[in-house]
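Step one of this worksheet: look at the structure below.
Small disclaimer: the values here were computed from a predicted structure and weren't measured. Letters A, B, ... mirror the listed sequences (proteins, then strands); counts begin at 1. What's counted below: heavy atoms across the whole structure, side chains too, no hydrogens, waters or symmetry copies.
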Protein chains: 2
Amino acid sequence: MTVSIIDVAHAAGVSASTVSRALRGRPGVSDQVREQITAVAASLGYTASRSASSLASGRTFTIGVVVPYVGRWFFSTVLDAAEQVFSKAGYDVLLYNLGSPEARKRFFTKLPLRKRVDAVLSLLIPEEEEVTALRSLGVPLTSIVGGPLPGFTVVGIDDRAGAESAVRHLVNLGHRRIGMISGSSGPLHWTTPVDRRQAYLDVLADSGIEHDPALEVDGDYTVKGGERAMTRLLAASRPPTAVFAQSDEMAMGALRALRRHRLRAPDDVSVIGFDDHELADVLGLTTIAQPVAGQGAEAAELLLRQLSEPEAEPPGQVRMPIHLVLRETTAPPNPRRPQ
Amino acid sequence: MTVSIIDVAHAAGVSASTVSRALRGRPGVSDQVREQITAVAASLGYTASRSASSLASGRTFTIGVVVPYVGRWFFSTVLDAAEQVFSKAGYDVLLYNLGSPEARKRFFTKLPLRKRVDAVLSLLIPEEEEVTALRSLGVPLTSIVGGPLPGFTVVGIDDRAGAESAVRHLVNLGHRRIGMISGSSGPLHWTTPVDRRQAYLDVLADSGIEHDPALEVDGDYTVKGGERAMTRLLAASRPPTAVFAQSDEMAMGALRALRRHRLRAPDDVSVIGFDDHELADVLGLTTIAQPVAGQGAEAAELLLRQLSEPEAEPPGQVRMPIHLVLRETTAPPNPRRPQ
DNA sequence: AATATGAGCGCAAACGCTTGCGCAACCACG
DNA sequence: CGTGGTTGCGCAAGCGTTTGCGCTCATATT
């Protein structure tokens, strides 16, 4: 058997309650006794049983983090940053990876988080009924990415502005046939693809460029999808001279498609992405940078603040800055290439 | 107040113990009553409190996963796969991200896992005293990457064989000046860089190529490090015609360095990596593929097996297959380029 | 028909902590 | 020196489960 609180109490010649108070920095213990207890506890290698203490207190000191795909760069980066903030504050993180539909359904019906966490950080955009499931947990909720969501604090970026500067950049370079590799839209609250698309349309309209539906292809937010999408675009009767990909991973797929067709960016086609993926720099990909780790850290801190100040009204929405990163995959249209 | 087991018991007209047994599929309950209880529990939306049940039973149904950097592709991919296996089996995962030295020290001194998990999967190679700390938890331990470690089940690949086929591939193409971008060696048990280096030396010797220490540069297992390393290699008095990078990320850095110097792979320098990073394909990087997600899943399953069959002797070590993936960054040395 | 058998269920004691309350002992004050 | 207010600590009642044991019937056995 491992050492319990009463072992420490006996060894220190006090009661269990005093040990409890002493070790957690609660008032009602003299400095002298507290020191004594701390020393004894350390020498015995005592650690309080989390299950026991959370059963007794109701606090779990655990944060639930739910993620669609931990394996993807964006999410793992956010998770990385968030975990650091949580653990520094003494919270553990319980991870749920909801990639497959079954896992997702299982999670939301069984709700393993119930009574297990003090708060939850969601990196996925919940469907309508999932929202109510999460709310029923009765703990602070924070979400990354996605539109405003009542009951949630959501941190994100200004997708419209980001997409606008991307497309405007292409327009300013002189492009007129500008394709877009878009992301499929998912849950209702998942406004990102919608916003980015709207910005694309707005800039086109604003620049007097007619919108050609053939230049808009779904890339599924994956490298492979981006590759397929670019292949489709190249097969169009009048292919684009520039392409705005709604994510860097799709942009990378697009670059791959270009290479496969013995074409090059930006010589033949300009490509701009979105995210500033860690490898965007390696590929020389021009993109819109968003603070990915920054959003994770910010979200985590907001959540902690809600835990420490339950009274304070949490911010409904927080927007982080973005900026255009010029690299080597965008340039003016090539005059030698027929439009 | 949320619904507890006695609420269910009352509603079903039975005792709490019967509810407990019924819901967990324990014997001693008639099918009829069990059904009844299941129905009532569902209608009340009852979920057992994890803290209470693990306090009472000692089982936590939680696995601790400790990771050096969740943000890095390799680890997040392993984690992704492992989490899926765990959650399918009804286990939750408690994640510890130990990137910074402080976080790592904090973790191993406080050992927040104590009494909280049924097993731990370690994706980092523990130092000597960390090993004993983990062992003191008294639960099954599994580790990915690294040499055999008493008390641990470790799953990994044959680093020697992998590195050998990489270097041999370059030799077979006709290269004789072959550089290596290596990873700094860390903890004692972290045999990967050592093994890969040894294989490099072996193949060179075996091929009658003299080893030039100037062609061996540390790349720190990062993209930036790889870029720096390649830059150093290019500055050598007699630069290599081919480079073996001990990880794809370093290889990508190397490719970037080449581009910066207006050089190209494989025309000017051949580059081969190790891992088969998800974006290796995008970059056309020749590499040694290892089943990353596969290792995560395998490790998770081994751990679960140890939990379900505590008696069975766990395998000390499991090796997963590797293979060479030919892409576009390796070719015979360019005859136009002076050696 | 009487007894042994076992299946189905309830009782109550843990599990290891937290916390409201009570009780000394102490201080300062008038 | 008595009173009121602190301060420091112990008591004991939970927190919501699990589980060994015992009891009660029905069923099988002689």
Take atom [atom1] of [X] and atom [atom2] of [N], then tell me their distance rounded to the nearest Å.
X       : N      : atom1 : atom2 : value
B/Leu55 : D/dT19 : CG    : C1'   : 13 Å
B/His10 : C/dC9  : NE2   : C1'   : 15 Å
B/Arg34 : C/dC9  : CZ    : C1'   : 12 Å
B/Leu23 : D/dT17 : CG    : P     : 10 Å

For a quick check, with a 4.0 angstrom heavy-atom cut-off, what is the B/S/- contact string for nucleotides 17-23 of chain C, read 5' to 3'? BSBB---

Indicate yes or no for a side-chain donor-acceptor contact from B/Arg34 to the backbone of B/Ala22 under 3.5 Å, with no hydrogens or angles considered.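 Such a contact is found between B/Arg34 side chain and B/Ala22 backbone.
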
Does B/Val93 offer a backbone N or O that forms a donor-acceptor pair with the side chain of B/Thr62 under 3.5 Å?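 Judged by distance alone, no pair lies under 3.5 Å.
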
Just one of A/Leu303, A/Val67, A/Leu79, A/Leu302 clears the side-chain contact (heavy atoms from CB on, under 4.5 Å) bar with A/Leu121, so which one?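 Passing option: A/Leu303.
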
Taking the cut-offs as 6.0 angstrom to the six-membered ring centre and 45 degrees off its axis, would you call B/Arg72 and B/Tyr69 a cation-pi pair?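 Yes, B/Arg72 sits over the ring of B/Tyr69.
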
Under a 4.0 Å N-O cut-off, is there an ion pair linking A/Glu102 with B/Lys88?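 Here A/Glu102 does not pair with B/Lys88 in a salt bridge, since their nearest N and O are not under 4.0 Å apart.
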
Could you tell me whether A/Arg50 and A/Asp92 make a salt bridge, using a distance below 4.0 angstrom between a side-chain N and a carboxylate O?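 Yes, A/Arg50 and A/Asp92 are salt-bridged.
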
